[in-house]
*Asks:* 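To start, I am sharing the structure in question, which I have written as structure tokens.
The chains referred to below are lettered A, B, ... by the order of the sequence lines, with proteins before strands, and numbering in each begins at 1. If you're wondering where the values come from, they're calculated on a predicted model, not measured in any experiment.
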Amino acid sequence: MTRDAGQTVLQGVYFDGRSSRDQAATLRVDAQTATLELADGSVPVQRWPAHLLGVEAPVPGVRRAVTLPGGGRFETRDDAGVSAWERATGRNRALSGVRALESRWWAALAALGVSLAALALFVVYGIPAVARQAAFATPRSVLATFDRETINLLQKGEYFGPSRLSAARQARLKAEFRQVAAWAGGGYPYRLLLRDGEPGGPNGLGAKGLGTNAFALPGGTVVMTDQLVALAKSDRELMGVLAHETGHVTSRHGLAGVYQALGLTLVTTVITGDIVSAGTFAAAVPAALLSGGYSRAAETQADQVSGHYMLGTYGTTKPLQTILARLAKDDSDESGGSSKKSGPSIFDLLSTHPGTPDRIAYLKRMEAEGKPAPTR
Amino acid sequence: MTDPAAPPNDAPAPGREVQSSPPGALQPEPAAPGTVTEYPVGFTGTAGEYFRLWIVNIALTFVTLGLYLPWARVRNRQYFYGHTWVDGQNFEYRANPAALLRGYLIVAALFVAYAVSSNFDSTQWVAAALAVMYAAAYPLLVRQSMRFQAVNTVHRGLRFRFHGTVGGAYVAYLLANFVAGISFGLALPWAWSMQRRYQGEGLAYGSARAAFRGDVGPFYLIGLTALGLTIAGGVLIGVPLIALAASLLGNFDLGDIDPTNLASSTPFLAVALTGYIAVLVLYVVAWQYVRGATMAYVLNNMELSGVIRTRATFSPWRLVWISVTNSAARVLTLGLATPWAAVRQNRYVLGGLTVRAIAPLDDFAAGVGGETSAFGEAATELLDIQVGF
């Protein structure tokens with residue numbers, strides 16, 4: 001580059017845009033005018049107002065290109081000269097900045113950090129937030145369909161069988177649940193399904209049964225197994241559990257979980273997508289694993305709902321505490337014993353094992369503070 | 001002011017050995033028939049330089065919530081084009097990111113509409129209509145994308161063009177794929193050949209039309225090789241794994257076989273994982289072989305206006321090896337090796353490519369052909385359509 005009296009002089013190649021001929025040329029630019037002179041003088045010197053010339057954005061290591069009026073191009077390796085001219089005339093400010101970042105290793109490292117942080121933020125906060133919004137935006141009719149399909153699936157897969165409880169006992173529990181449902185509100189068509197969680201007996205094919213469990217589906221269907229009913233020492237404990245489940249319904253946790261898993265699958269596919277197209281299958285696995293981490297906050301929220309119900313109705317959260325403790329003990333006894341027993345099932349919305357002491361502590365705190373009735 | 005008034009090809013470029021082409025001639029003429037000049041294609045990109053460009057553009061895409069994506073895509077491509085050289089001149093990519101952004105937004109909106117409406121019974125017809133529209137418009141999108149890519153590729157100041165017709169696109173991408181489908185894949189290599197022919201015959205550099213001199217036979221050879229590879233690999237991998245799995249099963253009581261138990265046994269998981277990885281590797285190998293061999297065959301049978309041919313000397317098998325090791329490197333580095341892998345593959349492919357000409361490269365004339373919308377390009381990129389050129 002040569003600069004004298006505000007003039008930039010660039011050596012390069014000229015293409016007229018009508019043929020593929022390359023011609024050595026000199027481009028001189030000052031504040032007002034640009035002149036192009038061919039080395040062999042075959043074409044008269046061309047002159048334009050400088051502002052008619054375009055400069056293509058810089059890319060690291062790539063020859064710079066100047067577009068000329070009339071479709072011609074001037075290409076030069078004199079990056080410093082073109083950059084000085086760009087700066088003087090304020091061209092390509094943004095992309096010159098990008099190029100400056102691309103040329104520095106510290107910027108690359110910082111970009112790596114920013115990318116990882118952005119990805120982490122998106123996975124930890126972005127997806128759950130979007131999933132929550134999507135869950136609340138989902139129409140009721142869809143929720144009902146979801147319930148029906150899921151129950152059909154569980155029935156067909158023999159995850160549970162018809163309840164072995166007496167008709168009177170079932171009617172009693174359903175009547176009590178109606179009170180909980182009326183309290184929970186939200187306009188959901190709540191119904192309680194009592195089912196046998198070990199349809200093949202405790203040690204037979206029932207290994208894949210739901211076992212001691214209760215869970216809520218998005219549309220207001222709450223399933224409770226005979227085994228959980230048997231575990232409870234009083235109906236208050238069961239109503240605490242069911243109130244907890246209505247909390248999942250009104251907060252639409254189940255649906256949010258589905259959307260979260262979908263979002264995670266999408267992100268994993270976008271990241272791994274180019275590696276192998278078949279990767280979608282592989283991508284589903286970590287997505288499913290990760291989404292398990294979301295439910296902790298949901299459990300606390302549902303516990304809070306149940307705590308409010310119990311404080312309002314019984315004046316204490318004790319029954320839920322005791323059945324949670326018994327569930328945890330039951331589980332550790334079983335996993336310590338025969339390995340045949342079903343491991344943690346995907347439907348374990350209630351017993352998220354490691355958190356149980358925390359959850360009990362939380363319920364105790366709630367009782368101590370004697371929180372006022374929920375405002376929902 | 002004054003437009004460059006001189007006619008093209010007014011004088012030969014100084015300092016270049018030029019076979020005497022008459023001044024003013026628009027079409028290159030073989031001055032000395034049989035005199036073939038070979039121009040090796042070179043690639044000057046480096047992994048470190050590209051890594052910085054790549055990661056900075058990813059970060060900017062994140063920070064701008066994706067709005068920067070078209071700029072990132074264009075810069076990535078500009079890097080590869082700008083570092084590809086033939087006879088002392090590089091290629092250039094000139095796509096307008098703002099136009100691409102519009103296309104991306106439209107495609108993304110349609111995709112979201114499809115994803116949302118397909119979830120609800122009452123709106124399923126919307127999803128179905130969108131899917132049918134997509135299937136019907138697919139060849140059009142491919143053609144649009146080809147036009148966009150061609151017209152935005154510049155070499156020696158001249159744009160490439162794509163003249164493939166709409167009818168041709170429907171034959172090559174709808175009819176051929178349909179026939180390939182109903183013939184259980186028997187016609188698949190024929191569909192490949194139709195598609196490569198459509199792409200090759202439609203291409204033009206300036207006003208010079210390209211031609212594809214290939215035949216359908218070699219595509220069948222490529223397809224059969226890939227099929228044989230898949231079957232042989234499947235047997236080699238599958239038989240020992242199944243035997244292993246069976247011996248593991250033998251240790252259980254027969255009454256005990258149920259999915260929950262099986263899935264939780266560590267040896268079984270190990271066997272399943274090995275099998276899964278082996279299938280993925282086999283898939284990559286077969287597919288990359290098809291891609292590499294097809295690319296080599298097409299490049300060996302392309303010619304431009306009767307005076308330029310390309311010759312590919314890279315080996316499809318070596319390309320398979322590069323692809324597999326690249327994939328492994330990317331998985332092991334959680335994607336950070338992607339720029340290195342891309343540069344490595346490009347360097348190998350372009351290093352094995354020669355342009356052979358019986359006329360000087362600086363004697364082509366500009367062609368005509370309107371600008372094209374970026375929608376097809378946006379659609380094919382976002383929806384991951386394999387245009388596969």
*Asks:* B/Thr274: what forms a side-chain contact (heavy atoms from CB on, under 4.5 Å) with it, not counting sequence neighbours?
*Replies:* B/Leu241

*Asks:* Pick one of side chain, backbone, both or neither for A/Arg99, based on which atoms fall under 4.5 Å of a heavy atom in chain B.
*Replies:* both

*Asks:* Enter the distance from B/Phe364:CZ to B/Arg156:CZ here, rounded to the nearest 0.5 Å.
*Replies:* 9.5 Å

*Asks:* At a heavy-atom distance under 4.5 Å, which candidate from B/Arg75, B/His83, B/Gln78, B/His155 has the highest pair count against chain A?
*Replies:* B/Arg75

*Asks:* Relative to chain A, which of B/Ile58, B/Leu60, B/Asn90 shows the most heavy atom pairs under 4.5 Å?
*Replies:* B/Asn90

*Asks:* For A/Thr67, is it the side chain, the backbone, both or neither that has a heavy atom under 4.5 Å from a heavy atom of chain B?
*Replies:* side chain

*Asks:* Let me know if A/Val59 has heavy atoms under 4.5 Å from chain B in its side chain, its backbone, both or neither.
*Replies:* both

*Asks:* Kindly compute the distance separating CG (A/Leu95) from CD (A/Glu56), expressed to the nearest 0.5 Å.
*Replies:* 11.0 Å

*Asks:* Report the option among B/Arg52, B/Arg94, B/Glu49 that has the most heavy-atom pairs separated by less than 4.5 Å from atoms of chain A.
*Replies:* B/Arg52

*Asks:* Please test B/Glu92 against A/Arg63 for salt bridge (charged side-chain N to carboxylate O under 4.0 Å, His left out), starting from the C-alpha separation and ending with a verdict.
*Replies:* CA-CA 9 Å; B/Glu92 289 162 84; A/Arg63 205 155 66 154; 5.6 Å; no

*Asks:* Taking atom types as modelled, is there a side-chain donor on A/Glu102 or B/Asn57 under 3.5 Å from an acceptor on the other?
*Replies:* yes

*Asks:* So which of A/Ala118, A/Gly61, A/Ala57 has the largest heavy-atom pair count under 4.5 angstrom toward chain B?
*Replies:* A/Gly61

*Asks:* Let me confirm one number: the CG-CD1 distance from B/Leu361 to B/Ile308, rounded to the nearest 0.5 Å.
*Replies:* 5.0 Å

